[in-house]
Amino acid sequence: MDFTFSDTVAGYVVDVRPGAIELRTLDGRTVTVHPTDTTSAQLLRNLGDPYRDVTGSMTEYLRPGRLVFSHGPVYPDGGALHFQASQLVIIGGAEFAYPFEQSGWWTRQLHQIATFYRRAQFGSGAVDFADYRTEILSAGGKTGRQVQETDTISRMLYGMSSAYMLTGDEDFLEVAEQGSRYLHDHMRFHDPGEGVVYWYHGIDVQGNRERKLFASEFGDDYRAIPAYEQIYALVGLVQTYRLTGDPQIKADIEGTIRLFERYFADPKLGGYYSHIDPVTLSPHHDSLGPNRSRKNWNSVGDHAPAYLFNLYLATGELRYRSMLEHTFDMICTHMPERGPDVSPFVQERFHGDWTPDRSWGWQQDRAVVGHNLKIAWNLMRMDSLQPKREYRQLAERLGQTMPGIGRDPQRGGWYDLLQRQSENGRHAFVWHDRKSWWQQEQAVLAYLILAGRTGNEEYLRQARESAAFYNAFFLDHDEGGVFFTVLAQGLPFLFGNERLKGSHAMSMYHKAELCYLAEVYTRLLVHREPLDLWFRPRPDADFPQRTLRVAPDVLPHSHVALEQVTIDGAPYTGFDADALTVELPRSDHQLTVRARLRPAQDPR
């Protein structure tokens, strides 16, 4: 090799000597990086935090065992490579080895993200969803595209509701409540004869006129009604309902679930079809082309994380628990390959009879790394609710195998799309080796909950390394928010739609979900610290038995207890510490409920 390139090395400090820092990489190799007299060093920082330069004292922070990211030129050096350290990002300081495990790190990050999207969409004035636009530029400005997509609004509502739950900032709640009403008034189609609710793909805003976009405008789903768009239309509505109990939101949610059960569900073989025809509402119509009579990961599995877990948390209703169980039974039955010499990745596309479809569109026989991590994460959640051996086995199988095939062992972070079948012991990249924000989220949450549930230190190491890469490279400290994609080395990839902070593929959901649940899991499962959550039930809150359920996520019953409740700032005793429920008093105004949760004495 006679050329140079720049690259990143992630590793734990083994030894520091003049002109050399010896690191143990994430997969256990030894690499030496060489600082120069122009090398700069900084500590990891959160969104909204100032730059923390430690160039002049870097050796004080480069303690054995500390995780470091080094970036710089790589030179050929005989038969080896010479890594020059131009910039160092040191994870942790004197006070805390992993700063993202400090109480409030993820809460502060979510507050910054919510503030960015609130300002980008509505400025600093009143919230008016007529101004909402799907596409948001990197710095928060809007493009000329006038479309409002239902899913991206709902994803933002999830983020705003979650931000309120962690911070109690009512500005975020106002966005969530007004957005929920906007979806109801502008994006909803109600068929009273069938009792179902359908959500438009979106609205094309032309001055004071709205042109409804009935079917999907997205390429993979063009002129069809995809299940995942209806699923994600609920993500923000359900999270807002958890806070307020708004009966109008609940009615819309129940109407959409009737749509799933009546038109998407397969009553004979189980699961849900991926698309239906917009006129006949049939999944078997010829107009659907390659999406005719198909099932996929999104149509079957995405119900659970997008809205169904949160709907069960809000209501405790057995019908939603049964729907969750059916979803995960279908995942465990059909998605893993069985037998010798099979792919470690799950199968994601199916014909109606559950025969794997390995010729569909861009997916072919390819694996989305984040979907495998997402399955592991959600199986562990479901195992808390309905323990089953097959749930735990598949979650741990994926948790144990994914790092060796889906993670970057030198730089950290998780890849996007790989070939499901290996060749010469390697699962090849499909188009690129870039890393997207949402797949890093799935890794952090999967390994946090695996660590919290099992006590396995290896899972905790994976969670920490994943969180370190995300916080080091995906946070946009200059313009706000989170980058869509970074190169393998961690440098932002700012081309096409991936330069945007808002698009068909990106709104506020995954980054907010990461912040909310990383705070929950780190505080309650890993470090066993108390956590406060805020709720804002209406006078007409439509919760079963007028009971507010304040469980932060689906966790084992023995892990968390409700320690303290205040309503409108005053102590309140009408709660069940073990059931994590609050009996709401009658009121003529919207109540502010603050619930303090604490880890139980014996978590396992």
Side-chain angles (χ1 to χ4, degrees), residues 216 218-229 231 264-266 268-277 282-304 327-376 378-379 390 393-395 397-398 401-402 404-407 414-434 436 438-439 442 505:
S216 179
F218 190 55
D220 291 346
D221 318 294
Y222 190 64
R223 296 307 186 206
I225 300 175
Y228 82 91
E229 287 194 2
I231 287 169
F264 284 96
D266 181 348
K268 294 182 179 179
L269 299 178
Y272 297 86
Y273 290 103
S274 63
H275 297 75
I276 59 176
D277 177 80
S282 168
H284 309 298
H285 199 277
D286 289 341
S287 67
L288 297 173
N291 292 318
R292 180 179 179 272
S293 303
R294 295 296 199 278
K295 298 167 183 173
N296 61 32
W297 148 252
N298 298 101
S299 68
V300 175
D302 256 351
H303 293 272
T327 292
F328 288 101
D329 285 349
M330 292 297 99
I331 289 172
C332 289
T333 300
H334 298 292
M335 293 189 180
E337 281 191 272
R338 291 175 172 83
D341 301 321
V342 298
S343 173
F345 295 108
V346 298
Q347 302 168 114
E348 299 190 30
R349 302 267 175 183
F350 303 89
H351 296 277
D353 63 358
W354 285 107
T355 303
D357 181 0
R358 294 173 182 157
S359 62
W360 185 91
W362 58 264
Q363 183 130 35
Q364 304 293 306
D365 192 21
R366 298 162 179 165
V368 180
V369 173
H371 288 166
N372 288 265
L373 296 165
K374 195 174 192 178
I375 288 171
N378 284 283
L379 280 168
E390 53 267 37
Q393 284 180 338
L394 180 55
R397 191 194 98 181
L398 292 170
T401 58
M402 284 301 108
I405 53 180
R407 184 192 61 161
W414 294 80
Y415 294 121
D416 179 10
L417 195 67
L418 302 176
Q419 298 293 348
R420 287 188 66 252
Q421 309 302 327
S422 64
E423 185 174 348
N424 299 321
R426 181 181 64 205
H427 295 268
F429 299 114
V430 176
W431 291 302
H432 55 72
D433 61 355
R434 298 196 296 272
S436 62
W438 72 269
Q439 306 211 44
Q442 309 305 317

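Numbers here are sequence positions counted from 1.
- Closest approach of L379 to C332, counting heavy atoms only: CD2-SG, 3.8 Å.
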Handout entry: Verdict with supporting geometry, M402 and F345, side-chain contact (heavy atoms from CB on, under 4.5 Å)
Key = CA-CA 8 Å; M402 284 301 108; F345 295 108; 3.7 Å; yes
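- Formation of a donor-acceptor pair under 3.5 Å by the R294 side chain with backbone atoms of R292 is found in this model.
- With rounding to the nearest 0.5 Å, the separation of CD in E348 from CH2 in W360 is 10.5 Å.
- In this structure the side chain of N296 never reaches within 4.5 angstrom of the side chain of Y228, judged on heavy atoms.
- Looking only at distances, no side-chain donor or acceptor of Q442 sits under 3.5 Å from a matching main-chain atom of N372.
- Shown here for D220 and N291, the closest heavy-atom pair between the two residues is O-ND2, 3.0 Å.
- N298 is not listed as a side-chain neighbour of I231, based on a closest heavy-atom distance of 4.5 Å or more.
- Atoms NE2 and CG, from H334 and L269 in turn, are 7.5 Å apart once rounded to the nearest 0.5 Å.
- The distance from atom CG of D433 to atom CG of L417, rounded to the nearest 0.5 Å, is 12.5 Å.
- Here the side chains of Q363 and V368 are in contact, with some heavy-atom distance below 4.5 Å.
- Here the shortest heavy-atom pairing between Y415 and Q439 reads O-OE1, 3.5 Å.
- Residues S299 and Y273 approach most closely at CB-O, 3.5 Å, considering heavy atoms.
- At distances below 3.5 Å, at least one donor-acceptor pair connects side-chain atoms of K295 with backbone N or O atoms of G352.
- A distance of 8.5 Å separates CH2 of W414 from CD1 of I405, quoted to the nearest 0.5 Å.
- Smallest separation of non-hydrogen atoms from L418 and G406: CD1-CA, 4.1 Å.
- A donor-acceptor pair is defined here as one N or O able to donate and one able to accept, closer than 3.5 Å; no such pair exists between the side chain of K374 and the backbone of D302.
- The closest side-chain heavy-atom distance from W297 to I375 is below 4.5 Å.
- In this structure the side chain of R397 reaches within 4.5 angstrom of the side chain of P336, judged on heavy atoms.
- Between R434 and D416 there is no salt bridge, since no side-chain nitrogen of the basic residue lies less than 4.0 Å from a carboxylate oxygen of the acidic one.
- Of all non-hydrogen atoms in Q419 and H427, the two that sit nearest each other are O-ND1, 3.0 Å.
- The distance from the OG atom of S274 to the CD1 atom of I225 is 12.5 Å, given to the nearest 0.5 Å.
- No side-chain donor-acceptor contact under 3.5 Å links Q364 and R420.
- A side-chain donor-acceptor contact under 3.5 Å links D357 and S359.
- Under 3.5 Å, the side chains of H284 and S282 contain no donor-acceptor pair of N or O atoms.
- More than 12 heavy atoms of other shown residues, nucleotides or ligands fall within 6.0 angstrom of atom CG in D353.
- By the 4.5 Å heavy-atom criterion applied to side chains, V300 and W354 are counted as neighbours.
- The six-membered or imidazole ring of H371 lies near that of W438, with a centre-to-centre distance under 6.0 Å.
- In this structure the side chain of R426 never reaches within 4.5 angstrom of the side chain of N424, judged on heavy atoms.
- Looking only at side-chain heavy atoms (C-beta outward), F350 and M335 come within less than 4.5 Å of each other.
- In this structure, CD in E229 is found 3.5 Å from OG in S216, a value given to the nearest 0.5 Å.
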